[in-house]
Amino acid sequence: MPIVLEKQGLFKVQSLFVAFDFNTPSCYCPFMNIGNIVEYIDQQKIISAVILSEAKGKLLLLNENSREVSFSEKRLAHVSETGLDTGLSKTTLVTHLKQITETRKKLSESIDIKGLWEILHDDPQEIDISTMTLFCFDPPLTPDHEAAVIRAFFNDRLYFKFNKIIFLPFTEAQMEAKKRQIREEERRNALITKGSAWLVRLRDQDHVSEAQDPILLKILKDYYIFGNEAEKSFLAKEIIKKAGLSSPDRIFELFVKAGIWDADENLDLISLQIPTTFSPKVMQTADYLCKTVPLVFDDPKRKDLTNLPLITIDGQSTQDYDDAISLETTENGYRLGIHIIDVGAYIRNGDTIDMAARERASSIYMPDDKLPMIPPSLSEDLCSLKEGQLRPGVSTLVQMNRFFEIQDYQIVPSVIKVHQQMSYTEANIVNGKNDPITTLYKMATVLRDKRLKAGAIQITLPEVNVWLDENKNINYIKVDRENPSRMLVSEMMILANTLMAEFLKNNDMPGVFRSQAQPKQRIFKGIETQLMPNFLQRKQLSRAVITTHAEPHAGLGVPAYVTATSPIRRYHDLLTQRQIKAIFGIGTPYSSRELDDILAAISVAVSNTGRIQAARKRYWLIKYLQDLRGENFEGLVLDAYRDHYNVLLKEFMLESRLPASGLKLKTGDQIQVTIQHADARRGQLTLFAV
C-alpha cells in the first residue's frame with residue numbers, strides 16, 4: 001500500500017508516493033560478501049564491523065573495537081552493500097570502521113523523530129526502512145543514511161514501534177503509555193544504582209550514618225523475608241547483583257551492621273505482619289480509661305464479693321493477672337470461687353481498644369518479648385487482678401460437699417478484690433501445710449479423677465520455659481506441668497470453663513465453644529508419666545474445633561467447653577465473657593452469625609500466635625545450643641524414617657533430625673547424641689550419634 005507524506009516546516013516540502021515490498025527486509029543482502037560493512041547490537045549498543053569470513057551463516061567479524069567476533073547473519077541489524085578491502089591491515093580497517101560509525105552517528109543526530117511522528121501518527125501505517133530513509137534524508141542516499149535511521153530509531157523508541165526493518169508510529173495513547181514506561185524504567189534504574197551503591201558502602205565502610213530510603217529498605221527487607229514471592233523480588237535481585245553481594249544472606253548481615261535489624265531480629269513478626277505497637281489513638285484511649293475509671297462497681301447487677309479472700313497463683317514473672325480463686329468452708333462442705341477479671345467492663349464491643357485487640361486476637365509471649373493483646377496500662381493495671389484493688393469480675397461460685405462433689409453452682413457478675421498473690425513455687429511450699437491451698441489441691445485431684453473416668457486424655461509432657469535476662473543471657477528451666485500448684489490452677493480453670501459452657505448452653509446463648517472428637521486410638525488411660533506414650537497419644541488426638549454451639553470435648557472429658565478465663569490475653573475469652581454477661585442484661589449479646597464472622601476474621605491471627613511462640617522458643621533454644629557444639633545429650637527416637645530419625649533432645653524438649661548413617665534404631669529407643677551444628681537464624685540443628 002503506498003504511503004503519502006507531506007514534509008512541511010522542518011522537512012523539504014515534497015510529495016512522495018513510495019511502494020515497498022514487505023517480504024524482503026531492506027537489510028537483507030543477497031550478495032553478502034567478505035568485506036561487507038555490517039552492524040549488530042551488543043549490550044544495547046550498535047557496533048560497526050566488517051565481514052572477514054563466512055561459512056554456513058556464521059560470520060567472522062572485525063568490529064570497531066578491534067575485536068574479532070563470531071556472529072550469526074540472522075542477528076545483524078544492518079548490512080551495507082558497500083565494503084572494505086579485508087586485505088588492508090587490521091589497524092586500517094578499524095580506523096575506517098570508526099570513521100563510518102562517527103559519520104552514521106552524526107547523520108542519526110540530524111533526524112527529528114518527534115517531528116516525523118507528529119506528521120505520521122494520525123494515520124499510522126507500517127513503513128519499511130527504505131521509505132523511512134527517504135522521509136529522513138534527501139537523495140542521493142547511501143547505506144550510511146539507512147544505517148543512521150536504524151541508529152536514530154534504536155536510540156529513541158518513544159514514538160515508533162521498530163523492529164529494524166519496519167516502522168509503525170505509536171498512537172497518542174500508546175506514546176503516553178510508553179512515556180510512563182520509560183519514566184518507570186528510569187526510576188527503577190536509579191533505585192538499582194542508589195541501592196547497590198548504598199549496600200557497597202555498608203559493606204566497605206565501618207560506619208554509614210546516612211538516612212535509609214524507606215522504599216529501598218522495604219524492597220530489600222521483603223526480598224530477604226519472602227524471597228521470589230516478594231512483590232519486587234526482581235528489583236531486589238538487580239540491586240544485590242549490582243552491589244556484588246555473594247548471596248541474599250549478606251543483606252541480613254549488612255542490616256545488622258547498619259543497626260536496621262538486631263542480630264536476633266524476629267523476622268516472623270514482619271513476615272506475618274504482626275502488629276508490635278499500638279496506635280497513638282489506642283494508647284490515648286487506654287490512658288483516658290485509666291484516669292477516669294468507668295463507674296462499674298455500683299451496678300446493681302453485680303454481686304459484692306470483696307469479702308472473699310481471693311488468691312492469684314501465677315508464674316514468677318506474671319504481670320497480667322486475670323484469674324483468682326477463693327475457698328470458703330460451709331455447713332455442708334465448701335464454696336469454691338473462680339473469679340475472672342471483667343475486661344469487657346472497660347473495653348466495649350467495637351470501640352478503639354476492642355478493634356485493636358481483635359486485630360491481635362491474642363497476647364504473644366516469647367523468651368525475649370511480650371506483645372499484649374491490649375495496652376499494658378490496661379493488661380497490667382486496670383484490667384489486672386492486682387492485690388488490694390477493687391475490680392469488676394465474672395465469678396463462678398461452686399457449692400461442694402465434703403467429698404468435693406458439685407452440688408450446685410452460680411455464675412454472677414461481681415465486684416472482687418485479691419487478698420494475696422502467690423507464685424507457683426510459693427503455693428507448692430505451703431501445699432500440705434496450710435489452707436486453702438491444701439484443700440484446693442485435694443479438690444483439684446478429685447476433679448481430675450472425675451474427668452479421667454469420663455474419658456479425658458491427660459498429656460503430661462514437661463515444658464521448657466526460656467527467657468532472656470537483662471544482659472540478654474539465655475536461661476531455661478524444665479517445668480513439670482503436673483506439679484501440685486500448676487495442676488491445681490489448671491483444674492480450677494477447666495472447671496470454670498466447663499460450668500460457663502453449660503451455663504451458656506442452658507440459656508441458649510451462642511458462645512466460643514471448643515470441642516474435640518474421640519481420639520483415633522487410646523494408647524493409655526489415666527496418667528502416664530513416660531515420654532514416649534504421651535508423644536504417641538498426642539499423635540492420635542483429633543483436631544480441636546471451635547464453633548458457636550456446644551459439643552463434647554473428648555480430650556477434657558466434659559460435655560461442653562469454652563475458654564473464658566483469660567480475657568486479658570485471648571479475644572476468644574473476651575467474646576465468651578460478653579455473652580455470659582449479656583444473660584444478666586449487661587451488654588448486648590453477639591448473634592451466632594456475628595460470632596462466626598469474628599471468629600473467621602481472627603482465625604489467622606490466632607494461628608499465627610502459636611506459630612510465632614513456638615518458632616521463637618525454638619530459635620532461642622538453638623541459639624543456646626550454638627555454644628554447646630560437641631556436647632552430648634540424651635535423645636529419644638520419636639519417629640524412624642528411611643534416611644533419618646526424628647529425635648527429641650529430652651533436656652530441652654526439642655525435636656531434630658538425626659541422619660540414619662547405618663544406625664538401626666526404632667521408635668522409643670534412647671540414644672546419646674552430640675550437637676554437630678546449630679544455627680538459630682536458619683533454624684538448623686544437626687545431631688550426630690555418639
Side-chain angles (χ1 to χ4, degrees), residues 41-45 47 65 67 155 157-158 179-277 279-280 366-369 371 468 470-474 612 615-616 619-620 622-623 626-627 677-684:
I41 298 169
D42 182 35
Q43 296 183 351
Q44 294 301 303
K45 292 182 179 179
I47 308 294
N65 299 317
R67 289 182 55 219
N155 292 326
R157 308 179 210 184
L158 177 60
K179 284 182 178 178
R180 289 193 297 271
Q181 180 183 347
I182 291 172
R183 287 195 296 269
E184 181 59 35
E185 188 173 344
E186 289 173 347
R187 283 195 294 268
R188 186 187 68 185
N189 290 337
L191 194 60
I192 291 171
T193 301
K194 180 180 180 181
S196 60
W198 177 61
L199 289 179
V200 168
R201 288 195 296 276
L202 284 183
R203 181 192 65 196
D204 297 342
Q205 299 178 19
D206 291 335
H207 301 286
V208 177
S209 58
E210 65 189 83
Q212 297 88 20
D213 183 330
I215 296 176
L216 178 63
L217 271 181
K218 185 174 186 330
I219 290 171
L220 293 172
K221 283 181 177 181
D222 286 354
Y223 179 63
Y224 182 80
I225 294 169
F226 301 108
N228 290 332
E229 294 182 7
E231 182 183 358
K232 296 185 178 179
S233 61
F234 173 77
L235 199 54
K237 289 178 185 177
E238 289 297 310
I239 293 171
I240 293 168
K241 180 181 178 182
K242 189 165 185 176
L245 300 185
S246 56
S247 73
D249 288 341
R250 289 282 285 141
I251 294 177
F252 185 86
E253 298 169 17
L254 294 178
F255 278 14
V256 171
K257 180 180 178 181
I260 297 167
W261 277 341
D262 184 79
D264 298 302
E265 191 75 26
N266 190 341
L267 298 179
D268 287 332
L269 296 178
I270 303 173
S271 65
L272 297 174
Q273 298 180 323
I274 304 299
T276 57
T277 59
S279 70
M366 298 166 286
D368 55 334
D369 199 6
L371 301 177
L468 272 61
E470 57 186 13
N471 296 318
K472 244 189 160 182
N473 296 315
I474 306 169
I612 288 173
R616 203 57 180 167
Y619 173 89
W620 285 109
I622 294 178
K623 182 145 189 175
Q626 286 178 182
D627 295 329
H677 173 72
D679 187 331
R681 175 54 54 197
R682 293 177 174 82
Q684 298 171 348

If you count the non-hydrogen atoms of other residues, nucleotides and ligands that lie under 6.0 Å from [atom1] in [X], is the total more than 12?
| X | atom1 | value |
| --- | --- | --- |
| Ile215 | CD1 | no |
| Gln205 | CD | yes |
| Lys232 | NZ | no |
| Glu231 | CD | no |
| Arg187 | CZ | yes |

Presence of salt bridge, Asp262 and Lys472, under 4.0 angstrom: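 Salt bridge: yes.
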Electrostatic pair Asp368-Arg616, nearest N-O below 4.0 angstrom: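 Yes, this pair counts.
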Between [X] and [Y], is there a donor-acceptor pair closer than 3.5 Å when you use the side chain of the first and the backbone of the second?
| X | Y | value |
| --- | --- | --- |
| Asn471 | Asn473 | no |
| Gln684 | His677 | no |
| Arg250 | Gly244 | no |

Closest heavy-atom contact between [X] and [Y]?
| X | Y | value |
| --- | --- | --- |
| Leu202 | Ala258 | CD2-CB, 3.6 Å |
| Phe252 | Ala263 | CZ-O, 3.6 Å |
| Gly227 | Ser233 | O-CB, 3.6 Å |

Report the distance from atom [atom1] of [X] to atom [atom2] of [Y], rounding to the nearest 0.5 Å.
| X | Y | atom1 | atom2 | value |
| --- | --- | --- | --- | --- |
| Ile192 | Glu185 | CD1 | CD | 9.0 Å |
| Ile225 | Ile251 | CD1 | CD1 | 10.0 Å |
| Leu267 | Phe226 | CG | CZ | 10.0 Å |
| His207 | Arg201 | NE2 | CZ | 15.5 Å |
| Lys194 | Leu216 | NZ | CG | 7.0 Å |
| Leu468 | Lys623 | CG | NZ | 9.0 Å |

Mutual orientation of the aromatic rings belonging to Trp261 and Phe255 [parallel < 30°, tilted 30-60°, perpendicular > 60°]: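 If you compare the ring of Trp261 with that of Phe255, the planes turn out perpendicular.
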Find out whether [X] and [Y] are in side-chain contact, i.e. whether some heavy atom of one side chain is under 4.5 Å from a heavy atom of the other.
| X | Y | answer |
| --- | --- | --- |
| Met366 | Ile612 | yes |
| Tyr619 | Asn266 | no |
| Lys221 | Ile270 | no |
| Asp369 | Thr276 | no |
| Ile474 | Asp627 | no |
| Tyr224 | Ile240 | no |

Glu186 and Arg183: CA distance, side-chain angles, deciding distance, salt bridge (charged side-chain N to carboxylate O under 4.0 Å, His left out) verdict: CA-CA 5 Å; Glu186 289 173 347; Arg183 287 195 296 269; over 6 Å; no
Evaluation steps, salt bridge (charged side-chain N to carboxylate O under 4.0 Å, His left out), between Asp249 and Arg681: CA-CA 10 Å; Asp249 288 341; Arg681 175 54 54 197; over 6 Å; no
Working for side chain to side chain contact (heavy atoms under 4.5 Å, CB included), residues Arg188 and Leu235: CA-CA 8 Å; Arg188 186 187 68 185; Leu235 199 54; 2.9 Å; yes
With sequence neighbours excluded, residues passing side-chain contact (heavy atoms from CB on, under 4.5 Å) with Asn228: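 In terms of side-chain contact (heavy atoms from CB on, under 4.5 Å), with neighbours along the sequence ignored, Asn228 is linked to Tyr223, Lys237.
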